[in-house]
*Asks:* 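Dropping the structure in here first, questions after.
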Amino acid sequence: MELSGFPAYAVFFLTFVGIYGVLILGLNLQWGQTGQVNFGVAAFFMVGAYTMAIMTTAPTEDHLGGFGLPFVVGLIIAMVMSGALAFLIGLITLRLRADYLAIATIGIAEIVRQFLKNEDWLTNGVRGITAITKPFEGAGAGAEPLIYLCIVIAAVALVFFALERLRRAPFGRVLRALRENEDTARASGKSIVNFQLQSFVLGSAIMGLAGGLYAPFFSFISPEAFTNLFATFLPWVMLIAGGSGNNYGALLGAVVIWLVWSLTEWLINQVIPASMVTQAGALRLLLIGVLLQVILLFRPQGLIPERFRFKRPH
Amino acid sequence: MEYVQTLIYGIVLGSIIAVAGMALSLSYGILRFANFAHGDLLTAGAYFGFVFFTLLGWPMYVAFPLAMAVTACLTLGIDRVLFQRLRQSTPVILLISSFGVALIVRAGVQLAFGPDTQVYARGIEFPMQVGGLRIKPTHLYIVGGAIAIVIGLHLFLRRTKVGKAMRAMSDNADLARISGIDTERVIAWTWLIGGAVAGASGVFLAMDTQLHPVMGFRLLLAIFAAAIFGGIGKPYGAILGGLIIGIAEEFSTFVISPAYKPAVAFAIMVLVLIFRPQGLLSGVKT
Amino acid sequence: MPLLEATALVGGYGGADILHGVSLTVDAGEIVVIIGPNGAGKSTALKAVFGLVRVRQGHVRFDGNEIANQRPDRIVRLGLCYVPQEKNVFAGLSVHENLEMGAFIRTDDIGSELARVYEIFPALNERRGTRAGDLSGGQRQMVAIGRALMLKPKVLLLDEPTAGLSPRMIELIFDRIKEINRLGIGVLMVEQNAKFALSFAHRGYVLAMGQNRFEDTGPNLLANREVAEMFLGG
């Protein structure tokens with residue numbers, strides 16, 4: 001059953017959306033639920049993807065490992081690594097103002113990217129890591145993409161239900177209370193910072209999981225694949241478009257914005273000649289940037305607003 | 001001698017970061033949000049300079065102030081279209097919006113000028129040999145220009161009514177409003193001044209290196225680090241912060257790969273955040 | 001018709017109302033004091049007059065203009081200036097610059113107003129160049145009042161101008177307020193040192209629970225046994 005044409009594209013599209021879905025559920029825990037501004041989503045996504053690649057590929061001279069570990073083990077280590085990075089950053093910045101976290105995360109994304117580019121022994125540098133295998137590879141008859149889609153959907157579902165439970169638990173209520181009144185939260189000491197830290201680390205680990213799912217999907221990763229646009233900015237637009245604070249909104253945003261993003265590619269390719277392909281990329285970037293501003297101005301609550309809200313201070 | 005040469009490079013880079021950091025810190029003090037588009041305003045200024053100097057062939061003493069003026073207008077325009085409307089919401093929304101503005105500006109530059117690197121003037125610039133040190137004329141222009149901007153900004157903040165009102169608003173925005181200060185007018189001036197200074201730093205950066213659509217964004221971390229170093233919201237602190245970060249980045253190349261220059265700025269910022277989050281110079285008279 | 005007239009103000013900070021119908025008047029050249037227990041809404045009433053607290057019902061008229069919920073920069077142009085209790089100076093600016101900021105909206109020469117403020121507060125004249133943040137509490141209060149005088153106000157609103165000051169400084173500030181009043185400027189102030197303030201005020205209001213409780217001339221309120229027992233500490 002070799003898929004081709006539209007069904008093949010649909011499977012590809014849905015798998016990609018699913019991976020973004022996981023990423024954005026992680027971002028929603030940080031921004032939507034806790035009010036943390038993480039502009040370095042790319043960092044945690046990259047760390048997850050590279051960890052996954054190094055852990056699961058066959059041994060090679062090109063980079064550290066590969067350790068040939070099973071798929072699920074690779075995912076778990078990917079989450080742990082991204083979470084550990086988040087722990088370090090959170091420890092330093094979470095007791096400070098929201099802007100400092102934003103600045104620190106944007107910086108860490110830049111540094112992680114440089115690190116992956118320059119440390120050949122670990123990552124094979126700009127040449128990237130190849131031959132990252134999906135589970136059930138060779139299941140025959142070209143069914144792997146479909147099987148992988150099922151795995152990604154299962155991951156989305158798992159993360160979604162876990163986060164929904166968490167949201168309803170006392171933990172989630174504390175986070176929202178902190179979000180609504182950051183000053184009080186900062187003033188009230190260490191246990192509060194612990195809550196913030198847990199949320200930040202968990203959110204980043206989920207981003208690491210998304211990275212872990214991404215690497216086998218493309219079977220090849222290199223530092224160039226994780227631009228700020230793809231790995232930080234688009235997720236933010238998806239979350240804000242879908243509805244910050246609402247996990248349903250987060251998933252809807254992933255679908256809608258990825259659809260819009262894909263459509264702009266198709267549209268722009270119709271009007272701009274292939275010789276100006278880099279300009280076309282810039283134009284799409286411009287459009288998505290404008291889209292974000294339009295949403296912030298006219299529908300800041302997103303497509304599906306958060307149902308539960310404390311009173312917003314003016 | 002090698003160290004002195006590196007120090008010179010550090011001072012040149014540091015001057016650019018210092019001036020950009022001052023503008024960022026100033027706008028933070030008055031508008032109370034971290035403008036993530038600031039780096040890309042540098043890029044815009046650099047490319048405006050490219051248009052006037054390289055494409056139109058006007059002399060630098062015309063192109064430079066024009067680039068500053070156009071960047072200032074662009075910055076004010078961004079405020080009127082976006083930030084002004086979002087000011088009623090929480091500062092974090094402005095933060096996110098400015099992050100989006102950064103991408104819009106970058107995309108605009110790339111659309112207009114393409115993704116490749118450019119330079120202001122082709123050909124080799126012959127450095128002067130001063131006691132075994134190589135000093136390029138552009139280095140002198142940059143450092144001299146930076147000093148002129150610092151002095152100009154200082155006089156503006158100390159001597160003019162609007163400048164004093166900017167300091168007043170940064171000090172205590174509520175009291176400024178109660179005193180009848182037209183805060184929207186002060187904000188407009190803040191964007192104009194901040195944009196002009198960002199444009200100037202962008203031209204300096206392009207003179208020092210080359211033009212590229214992400215040139216300003218790459219410097220953003222260092223600019224923020226400089227502003228935080230001096231206590232964000234206190235423009236004078238950013239001068240020292242910028243110089244230290246510029247010099248540290250250049251000296252770091254003796255021990256680590258130049259690719260990790262941003263990491264140096266980051267490390268300094270992290271140290272400041274851990275040990276003195278209010279900034280090294282907080283409490284100093286401004 | 002009084003120069004400043006607030007009628008049946010109801011409002012608060014967005015949550016529950018704090019004011020439940022407060023009415024006040026100030027005539028030209030009058031000193032009026034608002035006293036009352038903590039939480040009575042004294043400062044809130046003052047802020048409501050100046051547009052800093054949302055007025056849901058009621059009117060504030062000043063010099064023939066309706067000013068309820070107006071922007072402060074419009075209100076100060078009419079000649080009504082407000083001095084908050086806390087953070088009432090620009091700490092990073094010099095004394096002189098603080099006074100200049102008070103006159104921000106003026107485009108004419110402010111020399112005579114500056115001279116007048118320095119005449120009223122000679123201590124400030126000696127410290128023109130000092131950062132306001134480096135001054136003592138009493139001197140900061142002088143800067144704050146001086147700043148408000150720069151617009152040649154008809155009425156000055158003062159929120160607890162003597163809070164946290166030494167007895168000597170309290171006496172000095174009250175003395176200066178009387179001096180300002182002699183120049184023909186009306187004063188409406190919230191004051192904790194109720195007995196002292198009522199001793200020189202033309203009139204006073206006693207607020208409780210966000211409503212008017214008593215109003216009378218200063219001496220009459222001081223002589224009123226009920227007011228004395230309830231609000232003046234016997």
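Below, chains carry the letters A, B, ... as their sequence lines are ordered, and counting in each starts from 1.
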*Asks:* Step by step, would you call Arg71(C) with Thr183(B) a side-chain contact (heavy atoms from CB on, under 4.5 Å)?
*Replies:* CA-CA 11 Å; Arg71(C) 271 171 34 192; Thr183(B) 50; over 6 Å; no
*Asks:* Taking all atoms of both residues into account, what is the closest heavy-atom pair of Arg158(B) and Glu97(C), and its distance?
*Replies:* O-OE2, 3.9 Å
*Asks:* Identify the heavy atoms of Gly180(B) and Ile105(C) that sit nearest to each other, and give their distance.
*Replies:* O-CG2, 2.9 Å
*Asks:* Provide the closest heavy-atom pair for Arg147(C) versus Ile178(B) in the form atom of the first, atom of the second, distance.
*Replies:* NH2-CG2, 4.1 Å
*Asks:* Got more than 12 heavy atoms from elsewhere within 6.0 Å of NZ, Lys178(C)?
*Replies:* yes
*Asks:* Taking only Lys NZ, Arg NE, NH1 and NH2, and the carboxylate oxygens of Asp or Glu, determine whether Glu100(C) and Lys161(B) approach each other closer than 4.0 Å.
*Replies:* no
*Asks:* At their closest point, which heavy atom of Val89(C) faces which heavy atom of Asn172(B), and how far apart are they?
*Replies:* O-ND2, 3.9 Å
*Asks:* Determine, step by step, whether Ile181(B) and Met101(C) satisfy the side-chain contact (heavy atoms from CB on, under 4.5 Å) criterion, reporting the C-alpha distance in whole Å, the side-chain angles of both residues, the deciding distance to 0.1 Å, and the verdict.
*Replies:* CA-CA 7 Å; Ile181(B) 292 175; Met101(C) 284 303 106; 3.7 Å; yes
*Asks:* Looking only at heavy atoms, which two atoms of Ser179(B) and Phe90(C) are closest? And how far apart?
*Replies:* OG-CZ, 4.0 Å
*Asks:* Let me know if Leu52(C) has heavy atoms under 4.5 Å from chain B in its side chain, its backbone, both or neither.
*Replies:* side chain
*Asks:* Quick check: are there more than 12 heavy atoms from other residues, nucleotides or ligands sitting under 6.0 Å from CD of Glu119(C)?
*Replies:* no
*Asks:* Please classify the contact of Ala144(C) with chain B as side chain, backbone, both or neither, using a heavy-atom distance under 4.5 Å.
*Replies:* neither
*Asks:* Counting distance only, does the side-chain N/O of Asp73(C) pair as donor-acceptor with the main-chain N or O of Asp182(B) below 3.5 Å?
*Replies:* no
*Asks:* To check you understand the geometry: which heavy-atom pair defines the closest contact between Arg177(B) and Pro72(C), and what is its length?
*Replies:* O-CB, 3.5 Å
